[in-house]
Amino acid sequence: MSATLLHADLDAFYASVEQLMDSTLRGLPIAVGGGVVLAASYEAKVFGVRGGMPGRQARRLCPELRFVPGHFSEYQRLADEVFAVCEDFTPVVERVSIDEAFIDVAGSTHLFGPAPDIAATIRRRVSDEIGLPLSIGVARTKHLAKIASQVAKPDGLVVVETERESEFLHPLPVELIWGVGPVTRERLEAEGITTIGQLADADPNQLEQLLGAAVGAKVASLARNDDPRRVTSGRRVRSLSAQSANRRRPPDPDFVTRTLLHLADRVSSRLRAKHRMGRTITGRVRFADLRAVSRSVTLAEATSSTSIIAEVARELVMNALADHPEEREISLLGVAVSGLEDEALDQPALPFAARSKPVARRDLERAVDGVREKFGRGSIGFASVELRAQGVPDPFRDLAERDL
DNA sequence: TCTGGGGTCCTAGGACCC
DNA sequence: TCTGGGGTCCTAGGACCC
């Protein structure tokens, strides 16, 4: 088997788009966002600015940092253009997020040449035609290709020849393995394991002891370079959720009710748009100290109803709050729906009054969906007005919940 | 003045059934 | 009557990814 699998990853994507659209931003440390850094340019990363970082901290690290508001619909449009270029070479393109994808060119090399040449052509075309830097890793497996693209950044191409895989992999730090985050890295380091090579040599039983059966086995097999995953397009979503952080405040029942209605509305309208319903509803609360708790319940029947999801979530959150009377303030509320099923067939065209209550309610909510489709989300809705004023802009939420 | 939002998968204990 | 094992579902929490 040869190296025909590509991992393509747009560099500092949101920030690169802003620099593309406004040439005066090029070469400058910029951050997309305000209260929170959603993305930082490479010039800003040099100072230690990272995505997810509070704006204040970022300013402290880099006083000349320029904050720019996001152009969220542009991000979607440009990313789609980039991966359309990839699809000129093969239909086997698996988007894993807005800014990255796996591409299997095994069936295309007889037309377009060796995989590294295809990768170089894609990079050149994306640069010439769209103007964005794209890093690509080429290897025999997904895992190696992904690591190669990380090593290639910024704006580079790294090819891992099949006969040099161990040579490439073993000196690299363990945190480059997909699934090794801060906690796992720390645990491994405590055992003296810091490189992938050391991990590959470690006793599998010891790793399972240390990390749990599943994580231990996965990490060990990736370190030993055993990764059978194929490139596939079209996985179905397994859960949908919405949450909103707020300034610390007492859990006033009225605020909780209105916020959960808004969140339930976001989740349920997405469910209805996908013709899906869910049986398990989860309510989440985060307290002032950032400790979070959740309560969930599985219903006898799946639902996509705004009012049912909102009401159940309210009960769950109220129960969670009652279990923690010592907590005086909350900092986040969330709603999730899982256990998804395809929507049941509609009830036949009974007269409105003769339909069951849930179906009548769903018809009402569908009507709301229809108005929004025509006039925009803000045109009609549940408790959305006050929520818009706080936190992250809705266009970013829309982007985060997009379908790839 | 301690960090956004949307996801996936795993674990562990308990309930319940056979 | 007691003991045992296996399987599945549910719930709460956690690690990790983009």
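All heavy atoms count here, side chains included; hydrogens, waters and symmetry mates do not.
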Report which part of the nucleic acid [X] touches: base, sugar-phosphate, or nothing (heavy-atom distance under 4.0 Å, all strands).
X: Glu100(A); value: sugar-phosphate
X: Lys218(A); value: nothing
X: Arg284(A); value: nothing
X: Ala336(A); value: nothing

Measure from [atom1] on [X] to [atom2] on [N] and round the result to the nearest Å.
X: Leu222(A); N: dC17(C); atom1: CG; atom2: C1'; value: 14 Å
X: Tyr14(A); N: dG6(B); atom1: OH; atom2: P; value: 12 Å
X: Leu333(A); N: dG6(B); atom1: CG; atom2: P; value: 13 Å
X: Arg248(A); N: dT3(B); atom1: CZ; atom2: C1'; value: 13 Å
X: Phe102(A); N: dC17(C); atom1: CZ; atom2: C1'; value: 12 Å
X: Leu316(A); N: dG13(C); atom1: CG; atom2: P; value: 12 Å
X: Arg229(A); N: dC9(B); atom1: CZ; atom2: C1'; value: 13 Å
X: Arg238(A); N: dC10(B); atom1: CZ; atom2: P; value: 9 Å

For [X] and [N], is the shortest distance between a side-chain N/O and OP1 or OP2 below 4.0 Å?
X: Arg291(A); N: dG13(C); value: no
X: Thr282(A); N: dT11(C); value: no
X: Ser294(A); N: dG13(C); value: yes
X: Thr280(A); N: dC10(C); value: no

DNA chain C-proximal residues of residues 173-196 of chain A, any heavy atom under 4.0 Å: Ile177(A), Trp178(A), Gly179(A), Val180(A), Gly181(A), Pro182(A), Val183(A), Thr184(A)
Which nucleotide in the set [options] lies at the smallest distance from any side-chain heavy atom of [X]?
X: Ala245(A); options: dG4(B), dT11(B), dC2(B); result: dG4(B)
X: Arg279(A); options: dC10(B), dC10(C), dT1(B); result: dC10(C)
X: Arg295(A); options: dC18(C), dG13(C), dG4(B); result: dG13(C)
X: Ala242(A); options: dG6(B), dC17(C), dG13(C); result: dG6(B)
X: Val237(A); options: dG4(B), dT11(C), dT8(B); result: dT8(B)
X: Val297(A); options: dC10(B), dT3(B), dT11(C); result: dT11(C)
X: Gln243(A); options: dT1(B), dC10(C), dG5(B); result: dG5(B)

Taking it one step at a time, do Arg95(A) and Glu100(A) satisfy side chain to side chain contact (heavy atoms under 4.5 Å, CB included)? CA-CA 6 Å; Arg95(A) 291 283 286 274; Glu100(A) 66 181 290; over 6 Å; no
Between [X] and [Y], is there a donor-acceptor pair closer than 3.5 Å when you use the side chain of the first and the backbone of the second?
X: Lys142(A); Y: Arg230(A); result: yes
X: Gln19(A); Y: Leu28(A); result: yes
X: Thr90(A); Y: Asp104(A); result: yes
X: Glu365(A); Y: Thr306(A); result: yes

Hey, which of these two, Pro54(A) or Ala213(A), hits DNA chain B nearer its 5' end, going by closest nucleotide? Pro54(A)
Taking for each residue the nucleotide of DNA chain B with the nearest heavy atom, is it Ser331(A) or Ser239(A) whose nucleotide lies nearer the 5' end? Ser331(A)
Report the C-alpha distance between Ser16(A) and Asp11(A) in whole Å, list the side-chain angles of each, state the deciding distance to 0.1 Å, and finish with yes or no for side-chain hydrogen bond (donor to acceptor under 3.5 Å, both in side chains). CA-CA 7 Å; Ser16(A) 295; Asp11(A) 301 330; over 6 Å; no
Passing option when Asp342(A) is tested against Arg276(A), Met277(A), Lys274(A), His275(A) for side-chain contact (heavy atoms from CB on, under 4.5 Å): Arg276(A)
Heavy-atom closest pair (Phe13(A) atom, Ala79(A) atom, distance to 0.1 Å) is CZ-CB, 3.7 Å
Can you name the closest pair of heavy atoms from His170(A) and Ala200(A) and give their distance? NE2-CB, 4.0 Å
Answer yes or no: is there a side-chain heavy-atom contact under 4.5 Å between Val337(A) and Ile309(A)? yes
Carboxylate-amine/guanidinium contact Arg366(A) Glu343(A), below 4.0 Å: yes
So what's the dot-bracket for DNA chain B: Watson-Crick or G-U pairs under 3.5 Å, [ ] if a pair crosses, | if it pairs off-strand? ....||||||||||||||
Would you measure the distance from the C1' atom in dC17(B) across to the matching atom in dG4(C) and give it in whole Å? 14 Å
